[in-house]
Number of protein chains: 2
Amino acid sequence: MLKLSKKADYGLMALKYLAEHPETQALSAKDVADAYGIPAQLLAKILQRMTKTGLLRSHAGMNGGYALARDAREISAYEVIHAIDGPLFITSCTKGAKLCDLTPSCTIKEPLARVNESIAEVLKSISIYDLAEHEHVGEHEAHGLVLLTR
Amino acid sequence: MLKLSKKADYGLMALKYLAEHPETQALSAKDVADAYGIPAQLLAKILQRMTKTGLLRSHAGMNGGYALARDAREISAYEVIHAIDGPLFITSCTKGAKLCDLTPSCTIKEPLARVNESIAEVLKSISIYDLAEHEHVGEHEAHGLVLLTR
DNA sequence: GAAATGCCGACAGAATTGGTCGTATACTGA
DNA sequence: TCAGTATACGACCAATTCTGTCGGCATTTC
């Protein structure tokens with residue numbers, strides 16, 4: 001429970017991969033899928049989703065593919081997850097429309113909404129850049145991450 | 001995505017309810033289920049789970065039921081969720097046994113594990129007591145929660 | 001011993017997620 | 001302008017997970 005969907009995982013992996021290959025103009029869905037052994041068509045759909053929400057730029061045709069729409073530092077894990085899995089988040093009674101049908105049950109919701117916020121904050125504080133490996137500087141970067149997310 | 005299971009929700013609600021009725025010796029699964037309109041048998045199983053992990057004390061027979069095993073302040077949301085939904089947590093490739101079967105894919109895991117930690121910390125910082133309503137002192141308590149979970 | 005309750009495993013139905021297929025559209029280069 | 005490589009997108013099937021139910025048993029009280 002409380003785990004990311006595979007799609008979100010794939011999405012994060014893909015962005016990470018793109019972030020690690022800034023030299024290339026664009027990478028096709030297949031390129032990335034092959035790199036990680038992800039079903040190509042599925043990943044394609046995921047990338048398309050992210051394109052629609054402005055995280056990626058796409059280009060059809062030969063040598064086409066996807067590229068980050070912004071600097072990896074400017075794309076948060078939160079955005080990725082949100083783009084792929086929708087509005088998201090804790091507390092199964094997704095508020096918005098009507099409350100938890102039955103009874104004034106969900107008195108729990110309100111406090112949990114705060115937990116929600118906290119988690120969102122954590123995810124927002126992580127960027128794709130943080131996920132990517134930066135040529136063995138890893139030692140230090142990793143340390144930074146610890147502080148970031150603590 | 002990333003939402004609590006209904007079971008976890010139910011569990012939290014039930015504990016909250018118990019915390020709000022400290023005067024009674026024990027409340028039966030049915031009592032609680034009726035109070036919130038939750039399927040009684042399902043809730044029963046959930047309460048049993050929590051009993052096994054030591055969050056609740058149970059007592060069979062007439063006027064039996066469940067009661068918190070400790071002060072509400074000493075039971076965290078984390079414990080509840082953990083008891084109900086198992087070991088839990090982010091990153092779909094549940095590490096433990098083998099890694100993500102395919103390729104050295106999950107280079108993402110490591111950084112996400114930290115996110116995981118952060119979320120766990122947040123959940124650990126919330127107690128059942130925080131969820132319960134304390135006779136209109138609410139204003140202040142709620143404020144405290146905000147700070148807590150920032 | 002009967003009623004109320006907890007305990008537990010098995011299982012069925014529902015919902016969600018993961019993954020595939022087919023087709024249309026766009027771009028590139030020869 | 002044609003062939004090949006890509007993305008775009010909707011429909012759909014398959015697999016898994018989650019929710020909820022049932023049945024039988026154990027324990028306690030009256």
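All values below come from the heavy atoms of this structure, side chains included, with hydrogens, waters and symmetry mates left out. Every chain is numbered from 1 and lettered A, B, ... according to where its sequence line falls, protein lines coming before strand lines.
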Can you pull every protein N or O that's under 3.5 Å from an N or O on nucleotides 24-30 of chain C?
unit_1 : atom_1 : unit_2  : atom_2 : d
C/dC27 : O3'    : A/His59 : NE2    : 3.1
C/dT28 : OP1    : A/His59 : NE2    : 3.0

Length of the CG-C1' vector between B/Asp9 and D/dG20, whole Å: 16 Å

Rounded distance in Å - CD1 (B/Ile84) to C1' (D/dT17): 17 Å

Contacts of B/Arg57 that satisfy side-chain hydrogen bond (donor to acceptor under 3.5 Å, both in side chains) - sequence neighbours left out: none

side-chain N/O A/Ser58 vs D/dA8 OP1/OP2, d < 4.0 Å: yes

Criterion side-chain contact (heavy atoms from CB on, under 4.5 Å) on A/His21 and A/Asp31, from CA distance to verdict: CA-CA 12 Å; A/His21 297 266; A/Asp31 289 340; over 6 Å; no

Nearest-0.5 Å distance that lies between atom CD in B/Gln25 and atom NE2 in B/His59: 9.5 Å

Sugar-phosphate only, base, or nothing, as touched by A/Ala44 at under 4.0 Å among non-hydrogen atoms: nothing

Verdict with reasoning, A/Leu12 to A/Ile84, per side-chain contact (heavy atoms from CB on, under 4.5 Å): CA-CA 10 Å; A/Leu12 288 169; A/Ile84 297 172; over 6 Å; no

Atom-pair distance (CZ on A/Arg49; P on D/dC9), nearest Å: 11 Å

Given D/dG20, C/dG19, C/dC8, the nucleotide with the shortest approach to the side chain of B/Lys6: D/dG20

Under the side-chain hydrogen bond (donor to acceptor under 3.5 Å, both in side chains) test, residues paired with B/Lys30 that sit two or more places apart: B/Asp34

Nucleotide nearest B/Lys45 when distance is taken to its side chain, options D/dT7, C/dG9, C/dT20: C/dG9

Distance in angstrom units between A/Lys52 NZ and D/dG10 P, rounded: 6 Å

Minimum-distance nucleotide (side-chain atoms of A/Tyr66 versus C/dG19, D/dA8, C/dG6): D/dA8

Touch class at under 4.0 angstrom, heavy-atom based, for B/Lys7 against every strand present: base

Of the listed nucleotides C/dC8, D/dT21, D/dT19, the one nearest the side chain of B/Gln41: D/dT21

Separation between OG of B/Ser58 and NZ of B/Lys52, rounded to the nearest 0.5 Å: 11.5 Å

Nearest-angstrom distance from the residue atom CD1 of B/Ile38 to C1' of D/dG20: 13 Å

Distance test, side-chain N/O of A/Tyr10 to OP1/OP2 of C/dG19, below 4.0 Å: yes

From A/Glu121 atom CD to A/Glu117 atom CD, the distance as rounded to the nearest 0.5 Å: 6.5 Å

Minimum-distance nucleotide (side-chain atoms of B/Thr51 versus D/dT7, C/dC7, D/dT21): C/dC7

Side chain proximity check, B/Gln48 to B/Leu56, heavy atoms < 4.5 angstrom: no

Most 5' of A/Ala40 and B/Gln48 on DNA chain C, judged by nearest nucleotide: B/Gln48

Separation of atom NZ in A/Lys3 from atom P in C/dT16, rounded to whole Å: 14 Å

Protein-nucleotide distance (A/Arg57, atom CZ; D/dT7, atom P), rounded to Å: 14 Å

Spacing between B/Lys30 atom NZ and D/dT21 atom P, to the nearest angstrom: 13 Å

